[in-house]
J.: 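One structure, pasted below without further comment.
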Amino acid sequence: MKTIPSYFTVKQRGEHEIVIQKSRFIAHLARAETEEEAQNFIQEIKKQHWNATHNCSAYLIGEQDQIQKANDDGEPSGTAGVPMLEVLKKRELKDTVVVVTRYFGGIKLGAGGLIRAYGGATSEGLNAVGVVERKRTTIMHIKADYTWLGKLENELRGSIYPLKEIHYADAVILDVYVQDADIPVFTDWITDMTNAQVDISEGEKIYLETDIPPR
């Protein structure tokens, strides 16, 4: 489990293809929390596209981006893997691996053209697959008498705190996502709202994901 309050990563595993000067560039993206996961993904794509001209790769792993690797896979040095890695850095992504598969179309692009092509394929791939912000949150449990349910639910749905679910038992329990830094304020707010007539407790800590618009 990470300890940083929030970070960006790729939303899901996916791929996106662009064509430049008759060459096909297919960006494959996935999450990877370890170098082993990243290497396994790269090898999987290489097996899938064994007949491609190149399968260039890059990945960023760790809370402080401790692991950074780029591989040109036969393209001129610095024209593929590094531009791909730079896109991941520019987008401030973590735990992300990208492989760009190239099927050569017969027209040479030159060093500058390759840098733009591999960087562009990575950037467009990210926009197509999606990026999320993962915020560290605690699931707060509010246990209350049913007479408070209407007010609590209405107030929560109009607040910044996402309501996860409601459990109906002898008492009603509302599960709410609260960022760690907001727990004291949230607790005070609920206590004041209900005249201290509810029980508030902390549950498990998880990362809540929200979509980030393409850029």
Side-chain angles (χ1 to χ4, degrees), residues 1-16 29-34 36-38 40-41 59-67 88-98 123-215:
M1 180 74 177
K2 286 184 167 49
T3 57
I4 49 178
S6 69
Y7 67 97
F8 301 103
T9 190
V10 64
K11 181 175 182 177
Q12 60 199 349
R13 178 175 171 147
E15 63 181 55
H16 180 72
L29 291 136
R31 289 186 195 177
E33 294 190 350
T34 65
E36 183 182 14
E37 286 180 14
N40 287 344
F41 178 74
Y59 52 85
L60 270 176
I61 295 169
E63 288 191 17
Q64 307 301 325
D65 305 330
Q66 296 96 318
I67 302 171
L88 300 185
K89 287 182 180 179
K90 189 176 179 183
R91 299 284 280 267
E92 300 176 0
L93 300 180
K94 296 187 183 300
D95 294 351
T96 301
V97 55
V98 56
S123 187
E124 288 196 33
L126 286 168
N127 288 342
V129 173
V131 170
V132 292
E133 182 177 14
R134 305 191 81 217
K135 292 183 178 179
R136 184 178 162 91
T137 62
T138 296
I139 297 177
M140 300 296 291
H141 305 299
I142 306 169
K143 185 177 181 180
D145 184 271
Y146 275 91
T147 55
W148 287 107
L149 176 58
K151 183 174 180 62
L152 281 167
E153 186 174 0
N154 286 339
E155 292 287 345
L156 285 166
R157 293 199 186 280
S159 76
I160 61 169
Y161 308 109
L163 181 59
K164 180 175 183 280
E165 59 185 313
I166 301 173
H167 305 277
Y168 302 95
D170 293 342
V172 65
I173 299 173
L174 297 92
D175 294 342
V176 187
Y177 295 108
V178 181
Q179 290 187 53
D180 290 3
D182 294 337
I183 290 175
V185 173
F186 172 81
T187 303
D188 288 345
W189 177 57
I190 296 295
T191 301
D192 290 345
M193 183 200 310
T194 60
N195 302 320
Q197 292 181 32
V198 299
D199 291 326
I200 306 168
S201 60
E202 293 187 21
E204 67 174 320
K205 294 185 181 295
I206 66 166
Y207 276 93
L208 185 63
E209 298 184 1
T210 52
D211 292 344
I212 299 300
R215 68 187 201 197

J.: Is a side-chain donor or acceptor of Asp145 paired with a backbone partner of Thr147 at a separation under 3.5 angstrom?
T.: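 Yes, Asp145 side chain to Thr147 backbone: donor-acceptor pair under 3.5 Å.
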J.: Is there a side-chain contact between Arg91 and Asn127 (heavy atoms, below 4.5 Å)?
T.: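 Of all side-chain heavy-atom pairs linking Asn127 with Arg91, at least one is under 4.5 Å.
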J.: For the atom pair CD (Glu133) and CG (Leu208), what is the distance rounded to the nearest 0.5 Å?
T.: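 Here the rounded value is 10.0 Å.
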J.: Quick check: do Leu156 and Ile142 have side-chain heavy atoms less than 4.5 Å from each other?
T.: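 When only atoms from C-beta onward are counted, Ile142 and Leu156 do touch, with a gap below 4.5 Å.
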J.: What pair of heavy atoms forms the shortest contact from Met140 to Phe186, and how long is it?
T.: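 For Met140 versus Phe186, the nearest heavy atoms are CB-CE2, 3.8 Å.
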J.: Is there a donor-acceptor contact under 3.5 Å from the side chain of Thr191 to the main chain of Trp189?
T.: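 Absent.
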J.: Quick one: closest heavy-atom pair of Val129 and Arg13, and the distance?
T.: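 That would be CG1-C, 4.4 Å.
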J.: Any non-hydrogen side-chain atom of Leu149 less than 4.5 Å from a side-chain atom of Tyr168?
T.: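 Leu149 reaches Tyr168 side chain to side chain.
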J.: Supply the atom-to-atom distance Asp180 CG to Thr138 OG1, rounded to the nearest 0.5 angstrom.
T.: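 Those atoms lie 4.0 Å apart.
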J.: Are the side chain of Asp182 and the backbone of Val178 linked by a donor-acceptor contact shorter than 3.5 Å?
T.: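 No.
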J.: Working to the nearest 0.5 Å, report the span between CD of Glu33 and CG of Asp95.
T.: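 The distance works out to 5.0 Å.
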J.: Could you check Arg136 against Glu63 for salt bridge (charged side-chain N to carboxylate O under 4.0 Å, His left out), going step by step and ending with a plain yes or no?
T.: CA-CA 13 Å; Arg136 184 178 162 91; Glu63 288 191 17; over 6 Å; no
J.: Checking side-chain contact (heavy atoms from CB on, under 4.5 Å) for the pair Tyr59/Val98: CA distance, chi angles, key distance, verdict?
T.: CA-CA 6 Å; Tyr59 52 85; Val98 56; over 6 Å; no
J.: So, for Ile61 and Ala32, which heavy atoms are closest and what is the spacing to 0.1 Å?
T.: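 Heavy atoms only, the tightest pair is CG1-O, 3.6 Å.
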J.: What's the separation between atom CG in Leu126 and atom OG1 in Thr9, rounded to the nearest 0.5 Å?
T.: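 Going from the CG atom of Leu126 to the OG1 atom of Thr9 covers 9.5 Å.
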J.: For Thr187 and Ile200, work out which heavy atoms get closest and say how close.
T.: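 Here Thr187 and Ile200 meet closest at O-CD1, 3.8 Å.
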J.: Taking all atoms of both residues into account, what is the closest heavy-atom pair of Trp148 and Thr194, and its distance?
T.: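 Residues Trp148 and Thr194, closest heavy atoms: CZ2-O, 3.4 Å.
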J.: Tell me whether the count of non-hydrogen atoms from other residues, nucleotides or ligands lying under 6.0 Å of CD in Glu165 goes above 12.
T.: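 Check passes, neighbour count above 12.
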J.: Between Val97 and Val10, is the side-chain contact (heavy atoms from CB on, under 4.5 Å) condition met? List the steps.
T.: CA-CA 9 Å; Val97 55; Val10 64; over 6 Å; no
J.: Might you point out which heavy atoms bring Leu93 and Val131 nearest each other, and give the distance in Å?
T.: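 Closest approach of Leu93 to Val131: CD2-CG1, 3.8 Å.
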J.: Can you tell if the side chain of Tyr177 reaches within under 4.5 Å of the side chain of Ile139, non-hydrogen atoms only?
T.: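 They are in side-chain contact.
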J.: Rounded to the nearest 0.5 Å, what's the gap from NZ on Lys11 to CD1 on Ile212? Could you check?
T.: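 Result: 11.0 Å between the selected atoms.
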J.: Side chains of Tyr161 and Val185: closer than 4.5 Å at any heavy-atom pair?
T.: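 Yes - at least one pair of side-chain heavy atoms lies under 4.5 Å apart.
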J.: In this structure, are over 12 heavy atoms from other groups packed under 6.0 Å from Asp192 atom CG?
T.: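 Counting neighbours around CG of Asp192, more than 12 heavy atoms of other residues, nucleotides or ligands fall under 6.0 Å, so yes.
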J.: What do the steps show when you test Val172 against Glu153 for side-chain contact (heavy atoms from CB on, under 4.5 Å), and what is the final call?
T.: CA-CA 11 Å; Val172 65; Glu153 186 174 0; over 6 Å; no
J.: Calculate, to the nearest 0.5 Å, the distance between atoms NZ and CZ belonging to Lys94 and Arg31 respectively.
T.: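 It is 14.0 Å, given to the nearest 0.5 Å.
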J.: Please indicate whether Lys164 has more than 12 foreign heavy atoms, meaning atoms of other residues, nucleotides or ligands, lying under 6.0 Å from its NZ.
T.: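 Yes.
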